[in-house]
There are 2 protein chains.
Amino acid sequence: MSPSSSSDILIRKLQTISDIREAEIAVLKSIPIQEKDFSANHDLVREGDHPVYSFVVLDGLIGSTKYTSEGKRQITSFFVGGDIPDLHGLHLSVMDCNFSTLTPARVGFMRHDVLRSICDQHPRIATAFWRSTLIDAAMYREWVTNVGRREAYTRMAHILCELIFRLRAVGRIQDHIADIPITQAALGDALGLSTVHVNRMLQELRREGLIATTGSRMHAIDWPGLTHAGDFDTTYLHQKNPAD
Amino acid sequence: MSPSSSSDILIRKLQTISDIREAEIAVLKSIPIQEKDFSANHDLVREGDHPVYSFVVLDGLIGSTKYTSEGKRQITSFFVGGDIPDLHGLHLSVMDCNFSTLTPARVGFMRHDVLRSICDQHPRIATAFWRSTLIDAAMYREWVTNVGRREAYTRMAHILCELIFRLRAVGRIQDHIADIPITQAALGDALGLSTVHVNRMLQELRREGLIATTGSRMHAIDWPGLTHAGDFDTTYLHQKNPAD
DNA sequence: CGGGGTCTTGAGCTCTATCAATACTGGTGG
DNA sequence: CCACCAGTATTGATAGAGCTCAAGACCCCG
């Protein structure tokens with residue numbers, strides 16, 4: 001991998017969503033980040049926790065998950081490199097969801113007290129962090145819509161669009177080829193679908209010539225076609241420079 | 001109506017979710033709030049707007065809504081008295097959803113520049129506002145789960161629990177009787193269900209002795225039973241004093 | 001060369017949507 | 001006060017999307 005430090009990953013991400021100047025970059029670089037590796041399907045934060053750290057995703061895919069009393073799992077959002085999934089915990093004393101690795105992942109922990117004092121002293125950074133959580137909220141809104149009102153085929157296409165677009169936005173992938181070792185079961189938990197039906201929808205997307213998969217590599221062969229099939233509009237991701 | 005001003009409604013709500021002191025109350029009271037009445041099904045904010053105001057709900061029910069390209073509507077969250085639904089717009093230049101009245105409603109508009117300067121000068125208020133948006137996000141997460149992984153009957157019960165609990169939390173209703181003139185079609189849009197099925201689920205809840213309805217009045221006869229049927233746990237609402 | 005996890009396939013069934021008709025309800029004007 | 005009307009609620013019947021169950025194929029890894 002290139003010599004991008006955990007700070008660089010964090011800063012790069014914040015720059016895609018807000019205006020960060022030299023002064024703030026220096027401050028962000030000063031945040032101590034404790035890196036750690038995890039295997040897939042590991043709970044980093046659990047419902048009911050009172051965390052004193054937030055973490056930035058350095059590599060891999062993280063999901064925020066909730067369980068119904070029947071034990072069914074719902075993934076409510078994905079988080080990719082640079083994202084700070086549980087930044088929400090900074091001002092919510094109790095966690096209302098879990099954050100789990102969906103693939104092997106590397107994350108960097110940052111102390112809440114450090115983050116809070118930085119927010120107090122650097123309003124532009126505070127705003128950037130706040131904005132980051134607002135974008136999370138916008139994604140949740142889109143997911144409610146996706147799960148509530150789109151049929152399985154469209155829903156599947158939509159989530160693939162979001163994943164690929166976000167990975168591109170933070171420079172993790174080129175073109176529209178993503179290497180994401182996510183299981184079809186996890187996709188089902190994100191879409192509110194059974195594993196079997198996920199499988200069939202992926203087949204249909206392949207049959208339509210929109211995607212191709214080899215192992216865990218997902219290739220959006222026909223990106224315009226996929227975005228159309230997925231009813232995908234990037235507005236809700238609130239990128240500063242909406243390429244694509 | 002009692003002589004509670006729009007400021008009082010806002011302050012009362014913020015006190016249910018965070019610690020507000022005398023000093024901040026005075027500041028909040030100084031915010032100019034322009035009140036306005038709307039009939040049901042009126043768009044207060046539309047997707048694509050670049051709003052310069054946020055509004056506080058003074059009376060009635062507001063929904064954040066999105067439409068798929070097929071024209072299907074999804075309500076992604078409800079907002080009751082005291083809530084500031086589009087506070088998210090303070091740091092998101094483009095709106096990614098609509099905010100519409102679901103019942104006749106009274107709202108109070110507050111200028112963004114005023115809110116921003118208050119946030120800059122009063123970090124505790126900034127935190128309270130931020131926290132308010134984080135709680136919105138937590139509700140969105142719960143809604144993803146509700147729509148994605150609960151079956152219609154449970155889903156219906158859950159949303160009724162949320163509505164009633166939140167109305168109680170801000171002192172709009174006593175006991176568990178809510179007067180909400182929301183249509184079954186709107187409930188369907190919130191739950192990702194057809195109107196017909198909403199109707200049948202409500203009937204089943206009545207048959208089970210959990211609720212009773214007379215006109216627009218919704219009475220949770222058996223609150224413990226309803227929360228159980230709805231798999232409802234209040235954690236995600238992040239009340240400071242979780243009564244009930 | 002296993003073996004556990006994942007993917008794929010088939011068949012039957014359930015939940016929920018759709019369509020269509022009928023009742024109700026509150027508000028309106030005569 | 002009543003007749004009317006639009007919107008809403010209710011009901012029945014049918015269709016379809018997606019689930020469940022179960023079995024087999026595949027694939028990576030030790």
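Residue numbers start from 1 in every chain, and the chains themselves are labelled A, B, ... in the order their sequence lines are given, proteins ahead of strands. Every heavy atom of this structure was used, including side-chain atoms; hydrogens, water molecules and symmetry mates were not. Since this is a predicted model, take the numbers as computed values, not measurements.
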Sub-3.5 Å donor-acceptor pair from the side chain of B/K66 to the main-chain atoms of B/D96, do we have one?
->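 Answer holds: yes.
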Say whether, by atom type as modelled, one donor and one acceptor occur between the side chain of B/S5 and the main chain of B/D8 under 3.5 angstrom.
->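 Yes, B/S5 side chain to B/D8 backbone: donor-acceptor pair under 3.5 Å.
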How long is the line joining [atom1] of [X] and [atom2] of [N], in whole Å?
{"X": "B/L205", "N": "D/dA9", "atom1": "CG", "atom2": "C1'", "answer": "16 Å"}
{"X": "B/D179", "N": "C/dG26", "atom1": "CG", "atom2": "P", "answer": "12 Å"}
{"X": "A/E204", "N": "C/dC7", "atom1": "CD", "atom2": "P", "answer": "18 Å"}

Which nucleotide in C/dT8, D/dT11, D/dT8 has an atom nearest any side-chain atom of B/Q203 |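 Side chain of B/Q203 sits closest to D/dT11.
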Where [X] and [Y] come nearest, the two heavy atoms and their spacing:
{"X": "B/I135", "Y": "B/L237", "value": "CG2-O, 3.5 Å"}
{"X": "B/I84", "Y": "B/F55", "value": "CG2-O, 3.2 Å"}
{"X": "A/R166", "Y": "A/F79", "value": "NH2-CA, 3.8 Å"}
{"X": "B/D222", "Y": "B/G209", "value": "CB-O, 3.7 Å"}
{"X": "B/P181", "Y": "B/S216", "value": "CA-CB, 3.5 Å"}

Name every residue in residues 141-163 of chain A that has at least one heavy atom under 4.0 Å from any atom of DNA chain C, in order of residue number, or write none if there are no such residues.
-> none
Just checking, is any N or O donor in the side chain of A/S64 or A/S77 under 3.5 Å from an acceptor N or O on the other one?
-> no
Can you spot which of B/R106, B/R172, B/K36 makes a salt bridge (Lys or Arg N to Asp or Glu O under 4.0 Å) with B/D59?
->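 Of the listed residues B/R106, B/R172, B/K36, the salt bridge (Lys or Arg N to Asp or Glu O under 4.0 Å) partner of B/D59 is B/R172.
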Have a look at the helix from C/dC1-D/dG30 to C/dG30-D/dC1 and give the angle its two end axes make, five pairs each, rounded to 10 degrees.
-> 40°
Run the side chain to side chain donor-acceptor pair (under 3.5 Å) check on A/D231 and B/S69 step by step: do they pass?
-> CA-CA 6 Å; A/D231 190 17; B/S69 61; 3.2 Å; yes
Contact check, residues 184-202 of chain A vs DNA chain D, heavy-atom distance under 4.0 Å, returns A/G192, A/L193, A/S194, A/V196, A/H197
